[in-house]
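Atoms considered below: every heavy atom in the structure, side chains included; atoms not considered: hydrogens, waters and symmetry mates.
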Amino acid sequence: HQHRLDAERQVGPVIERATSDLLVSKLQGNPAEILYALSLFEATHVGVSHPAVRALLRHESPEVRARAVSFLAAVADTAAK
C-alpha cells in the first residue's frame, strides 16, 4: 500500500498542472469561454491566484474584467486593488 500512496502523491501535482494549463489556455478565448473557464478555475484553484487571471484585468469585456477583479479579490491578490 505504501508504494501506491507514494505514486499517487507524485501524480497529483502533474494532474493539477495539466488542469491548470488547460484552464489558462481557455482564458484567452471569447468572453463566454473566458467566463466559463474562470468559473472552473475558481472551483479548482481555491485561494490561489494566477498571472493569467491578472491579465484579464485588461480584457476588453467589462464582464470579464469584473469577474477577474472578483476572483483576485477573493484570493487577496493585490493586483485587484
Not counting sequence neighbours, list each pair that qualifies as a side chain to side chain donor-acceptor pair (under 3.5 Å) and has a residue in residues 57-66. none
For Ser25, give me all partners under side-chain contact (heavy atoms from CB on, under 4.5 Å), at least two apart in sequence or on another chain. Leu22
So, taking the atom named OG in Ser70 and the one named CG in Leu38, what distance separates them when rounded to the nearest 0.5 Å? 8.5 Å
Atom pair CG/CG of Leu56 and Leu72 - distance to nearest 0.5 Å: 8.5 Å
Residues in side-chain contact (heavy atoms from CB on, under 4.5 Å) contact with Glu33, at least two apart in sequence or another chain: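 side-chain contact (heavy atoms from CB on, under 4.5 Å) check on Glu33 returns Asn30.
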